[in-house]
Amino acid sequence: MEYNPRNIEHKWRKYWDEHKIYQISNDSDRPKYYVLDMFPYPSGAGLHVGHPLGYIASDIFARYKRLSGFNVLHPMGYDAFGLPAEQYAIQSGVHPAVSTDQNIAKYRQQMDNLGFSFDWDREVKTSEPGYYKWTQWIFLQLFEHFYDLEAGNALPIGELIARFEKEGNRSVKAANGQEETFTADKWKAMSAKQQAEVLMNYRLAYRRTSYVNWCEALGTVLANDEVKDGLSERGGHPVERRAMLQWSLRITAYAERLLNDLDTVNWSDSLKAQQRNWIGRSEGAQLFFEVKDSEEKIEIFTTRPDTIFGATYMVLAPEHPLVDDLTTDDCLEQVGDYLKYVGSRTERERMAEVKEVTGCFIGAYAINPFNGKEIPIWIGEYVLMEYGTGAIMAVPSDDERDQAFAKKFGLEIIDVVDKTDYPGAGLHDKIGKMINSDFLTGMEVKDAIQATNDKIEEKGIGKRRINYKLRDANFSRQRYWGEPFPITYDEQGIAHANAVSELPLELPELEDFKPASGGQSPLARREDWVQLPNGHRRETDTMPGFAGSSWYFLRYMDAHNTDAFASQEAINYWQDVDLYVGGTEHAVGHLMYSRFWHKFLYDKGLVPTNEPFKKLINQGMIQGVIEYLYLMKEKREGYNHFMCSRMAAQKGITEFAKIPVHIDFVQAYGSDESHLNVDSIKKFIDWRPDYTDAIFECGNGIFHNGVFTPNADATDSTLYTHSEVGKMSKRYYNVVNPDDVIERYGSDCFRMYEMFLGPIEQSKPWNTNSIDGVSKFLRKLWSLFYDEKGNFLVAEGEASKEELKALHAAIKKVRNDIERFAFNTCVSAFMVCVNELRRLKCHKKVILKDLVVLLAPFAPHLTEELWELLGEQPSVHLSSYPEHNEDFLKEDSTTYPIAINGKTRGKADFPADASREDLSAAAVDLDVVKKWADGKTIRKVIVVPGRMINIVVS
RNA sequence: GCCGACGUGGCGGAAUUGGUAGACGCGCUGGAUUCAAAAUCCAGUUCUGGCAACAGAGUGUGGGUUCGAUUCCCACCGUCGGUACCA
C-alpha cells in the first residue's frame, strides 16, 4: 500500500475540525504556554511559500508543548485594517470590509491546508466593531492618563488636575509638552479652553500640531516607516512635510523603561540593538547661551560639554523659533534667501545630499557662558529641529559636521582635546586630554565632562540631561479603513472623550472612499455623522494600522468578551506570550508600540506582566529567484527590441533593461543553466505581445519571428536568463503558491521541507528541487508499516538493543533541538532514525509508537494515521512526548580518536568505563602511537574521557 | 559612517560547553532491477597525489591563545540586515 498524503490529510483535518481537537480552555490544571504568530495583513495576493515558514515553526513548537503537558494557547487572526483595501475600494468601489473578508477567506483556506493547530474559536479581526471597541477603549485610557516621572508610571488625568488646583504645575514632574509654568491661582483663572490645552500637553494620547509625512498622491499622512528615501513605500509617490493637527501617543514617556526592560526579554541581539538604536538614548547636558543685545536665551543639548572652550559658533535649525527674533537687519536678506532655499528643497533632496554643507549667518552673537566670548550664530540645515533643542554649540575641533561647516565658512577652530596618546581614535571618540580649556586643561575627557557638568549646574546655566531619538508616535490617519476616534469637539474645539457606553464607535457607511478636500479623511464627507445634535463634531481621522495590532495578543486570551478587552481571570491565567514568532520587519514598529501599550496597561493594573513577549524568534524570509531577460536599451538593426542572452551580458554590454520573466517559461528555473528554449520564447511572446518583433540573441544564433537562425557553428538555441535572489512578489512573476506544492507532496511533506531548508532565522531562496528528499523520507517511514503489496508489517515483540538505540538517539536529538528551535536538524535526526530502522527491518510496535509521537509536531496528519494503525485512540496530541533513556545509548566500549600533537592519526576502542589512567596507559601502547611517535619522546598524554586522547611528542 | 549578524564541499546546510570537520538532504558518478523509462535499492562523492593502503592540504584572509580552534582573542576582506547630518 502506498503512502497517500491527500487522503490521509483530508481525513484527519476533518476529524480535528469535527471534534474541535484544538479548542482549548482558559481553565486547566496543566501549566500554560502561549505561542503566538504575528498575524497577517490579508492582502489580495494570498499566501506564498514564504509566509508559512514562521507559522509552521510555531505550530511545531505549540504541538510539542501540548505533547509535553502544557495547556497551549495558539491562536490566529487578521490585521484587517489597512491602506491596500482602501486603495482597492477607491479603484473598484468594493467596500474594504467586503474585499478584506474575501481575502481572509482565502488566507483561511490556505492556512487550513497546512494542518495548523490554531484554536480558530479565538480568531480576531481588528476591523470588527467587537474588536475595535477595545482598541478605542485603550485609546481613551491613554487620553485620560498622564505619565508621572516620579512615580514612574501612568496616572489618571484627574490626579493631575487635583495637583494643578493645589499647587500649579511647578512641582509636577511628568512627561509633557508644557512649556510655561503656572501656579494654582493661575490655573484656576484659566478658561476651560486654556485648561484643556494645558492638559493636552500631559495626556498620553494628545493632539498637537506636528510635522507629518504628507503624501499628496495618496492623500494621506504616512508613518516614518512607510516612507523610503522621501518616497512613499507604496506607489513611490513624493512625500513632503506638512504641519497638521494630529493625534499623537506619548511613547517618549516610556523611553527609559522601553530601553531598560530589553534586558529582561529573550530576544536576539540584533533586534535589541535595533530597538536601542531607535530609542537612541544619549547622556549629556542642557545648556543656555545668552545672546548679545537680547533678552533671549538659546537652549542647546550637548553630549560633549567638556568641549565648551572650543565652541566657536552656534547653529540653529532653520525652523528654530528664535531665528526671526535674532536675525539682524543687515542679515535679513541673506537669511530670507537661505530660508527660501531650505523651504524649496524637498525632504528627498535633503536626504540625498546629506553631505552638502549649507548655512547662513544671522548677524547675532551668543555669549559663551564659560569665558564670555562672543560667538556668531548661524542657521544650517544640518541641525534638525526635531532632535534635542534644535540648536547646537558648534565645536569644529571635535565634531566632523561642525568642522566641515567651519571650514566651508571660514569659522575659527580651537583645538581643545589632545589625542596624540590615542592614535587611531576618531574625532567622535570621547578620549584624550583637554587643552586650551581653562580649568579643564590637563584633565582626561571623561573627567572633564563630569567637571563641566558640575560647573554648569553650579552656575545655574543648565543641567545634566538625557535625550532620546525616539519621537512621539503620530496616531492620526486621513483614511477610511481604520478605527474611528471616539472623540468629539465642542464649539470651542475642546476634545471630549465619548462615553465608554457609546463604544464601539462604528465606521459609518460610505460610497466613495476618496479622501475629502484638504487632505481630510473620507469620513468628513458624512456630515450627518460628523455633526452631533448637541453641537459637537466628531473627529474624522482614523487610527493607524498599529493601533489594532498593539494589543491583539491579549484579545486571544478571551476573544468574545463584551465587557472588557479580556477578563482579568483570562489574563491572569495566560499572563503573557511565551514565544512570539514573526519577521524582523516589525522590529521597531509593531514591537515597540506593543511594548508601550502593554506597559501602560501594566501601570493600570490590567495586565500582570511588564513585557508582553518573553521570547521572540525572527523567521527569515523565503526569497524568490527572479529570472531576468536583458533588453538592449538602444535599438539595433531596425528592430524595436533586442533581447540578449546572459552570455551577451557577460561580454561587457552594460546598457540593459531587465525584464522579469514568468518562471513558468524558464527551463531549469533557479539554476545556473536557466534559459528559454525556442518553445518557451514563443510562450514568452504570447505572454508579452509587445515583444513580438523582438530579436532574441540566443546562445549561438538569432531567434526572430518564430524562426531560429543559427550562426555557422551553432548548436545551442537557448536564450539564457540571468537570475537574482529577491522578494517573492507578483511583479517578478516568481510567486510559488504553497497550495501547489501541497497538492503534489502533501502538507506534512511541505511542513518538514520548509523546516529542513535551514535555520528558521535565516533568509533563503525557495527551491523546490530537494523536496524529494523529504518526500522519500515520509515514504520510507510509511514502509515501516506497510510493504509494497499492502501487507501490514507492524508486529508485537520486544525491541532489540540496536533498535532502542536508534530510537532513543533520535528522541534525545529531537527533544534537544526543538528546544533551541533547530527544526532543520530535527528532520535530519528523523531521517537517520528511519534509515536505521529500515536497515534493521524493525517493524515493532514498541519502537514505532514512540517514533510516531516524536514526529507528531512535524507531520501531524501522517502521525495521526500511523497512530491509528498502531491501534491507538485518535488524537496523538493527547499522549505524552517520549523521553530518552540514556541507558539505551550507552556502549560497552567507546571509540576514541587518537591524536598526536593535536592531529588525529587513528582511533581505538576502549571499555566505556575505563579510567583516565587506564586510557592513558593503553594509548601509548597503540600501534598508531608507536608509528607516529617513533624516535620522539612522549611529553604528555591528554585524556578527555569519552571524547579523545591526545599525545604530545617532541 | 555607525550598529548588528554572518562567511564551512558543486548546492542547502550539520558539528550543544574548544576535542574524529563536512551529519542529513539535493546533485553527480557507478552498479542492481526493468524490453525501456519512472520509481526503488546498493556503493562512491571536500580538494590534491596514488590502483590501493596511505600521505598532504583544508571551515573568507593574516596573526595570536591552546596539547588541540569552524568554535575564543586581535586586525583585515567580503556578504546580508538595520540606521543615517541624533549634536
Side-chain angles (χ1 to χ4, degrees), chain A residues 2 268-278 280-282 284 300-304 307 315 317 350-351 353-357 380-384 386-395 398-402 404-405 426 428 467-471 584-585 587-588 618 620-621 670-672 725 753 756-759 761-765 767-774 776-777 779-780 783 788 813 816-817 819-820 822 824-832 835 838 895-907 939-944 946-954:
Chain A
E2 264 187 23
S268 74
D269 289 344
S270 80
L271 203 85
K272 285 186 184 182
Q274 276 183 59
Q275 291 226 340
R276 287 199 187 98
N277 218 317
W278 194 255
R281 181 184 197 272
S282 55
I300 62 123
F301 172 76
T302 178
T303 55
R304 295 296 304 274
T307 60
V315 188
R350 275 179 83 158
M351 286 183 148
E353 302 163 20
V354 152
K355 291 286 163 278
E356 183 137 341
V357 181
E381 264 185 309
Y382 80 99
V383 176
L384 308 173
E386 306 89 63
Y387 184 74
T389 61
I392 60 157
M393 67 175 202
V395 184
D398 280 272
D399 184 287
E400 279 168 38
R401 294 151 304 161
D402 294 346
F405 194 86
H428 231 78
N467 211 17
Y468 299 95
K469 273 199 275 188
L470 186 69
R471 295 277 84 86
T584 6
E585 64 272 22
V588 285
N618 286 118
M621 270 207 306
S671 81
D672 276 355
V725 171
Y753 180 59
F756 188 59
L757 280 174
E761 292 94 336
Q762 217 164 83
S763 290
K764 53 234 154 188
N767 181 347
T768 318
N769 292 346
S770 51
I771 195 169
D772 281 338
V774 176
K776 228 182 268 179
F777 156 74
R779 289 200 300 271
K780 284 180 188 170
S783 75
E788 316 88 80
K813 178 90 178 138
N816 184 44
D817 287 357
E819 288 283 355
R820 54 185 195 107
N824 51 334
T825 51
C826 289
V827 179
S828 298
F830 287 125
M831 290 174 171
V832 172
N835 284 342
R838 270 166 59 89
T895 305
Y896 283 86
I898 309 297
I900 312 294
N901 286 347
K903 180 92 194 160
T904 306
R905 293 299 179 185
K907 46 190 171 179
R939 297 273 170 213
K940 214 198 290 182
V941 179
I942 294 153
V943 177
V944 184
R947 289 281 195 179
M948 65 100 58
I949 298 168
N950 188 15
I951 293 155
V952 186
V953 298
S954 64

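Lettering of chains follows the sequences in order, A, B, ..., and the numbering in each one begins at 1. For clarity, every value in this text was computed on a predicted model and none was experimentally measured.
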side-chain N/O A:R401 vs B:C86 OP1/OP2, d < 4.0 Å: yes
Nucleotide of B:A87, B:G25, B:U40 approaching A:T303 most closely (side-chain heavy atoms): B:A87
Closest to the A:R820 side chain, choosing from B:G82, B:A15, B:C26: B:A15
Gap in Å between the two P atoms, one belonging to B:U29 and one to B:A38, rounded: 12 Å
Dot-bracket encoding of pairs in RNA chain B, which uses [ ] for pseudoknotted crossings and | for another strand, Watson-Crick or G-U under 3.5 angstrom: (((((((..(((......[....)))((((((.......))))))((((....))))..(((((..]....))))))))))))....
Set of side chain to side chain donor-acceptor pair (under 3.5 Å) partners for A:N950, sequence neighbours left out: none
Rounded distance in Å between the P positions of B:A57 and B:G25: 31 Å
A:T825 side-chain proximity, nearest of B:G56, B:A14, B:C86: B:A14
Pairwise P distance, B:A53 and B:A69 [rounded to whole Å]: 27 Å
Sugar-phosphate only, base, or nothing, as touched by A:R779 at under 4.0 Å among non-hydrogen atoms: sugar-phosphate
Under 4.0 angstrom between A:K776 side-chain N/O and B:C26 OP1 or OP2: yes
Sugar-phosphate only, base, or nothing, as touched by A:V944 at under 4.0 Å among non-hydrogen atoms: base
Rounded distance (Å) that lies between atom P of B:G12 and atom CE of A:M831: 17 Å
Interatomic distance, A:M621 CE vs B:G81 P [rounded to whole Å]: 8 Å
Touch class at under 4.0 angstrom, heavy-atom based, for A:N824 against every strand present: sugar-phosphate
P atoms of B:C42 and B:C26, separation to the nearest Å: 12 Å
B:U70 and B:G63, which share atom name P, separated by this distance in whole Å: 15 Å
Parallel, tilted or perpendicular: ring planes of A:Y382 versus A:F405, cut at 30 and 60 degrees: tilted
Protein-nucleotide distance (A:Q762, atom CD; B:G4, atom P), rounded to Å: 20 Å
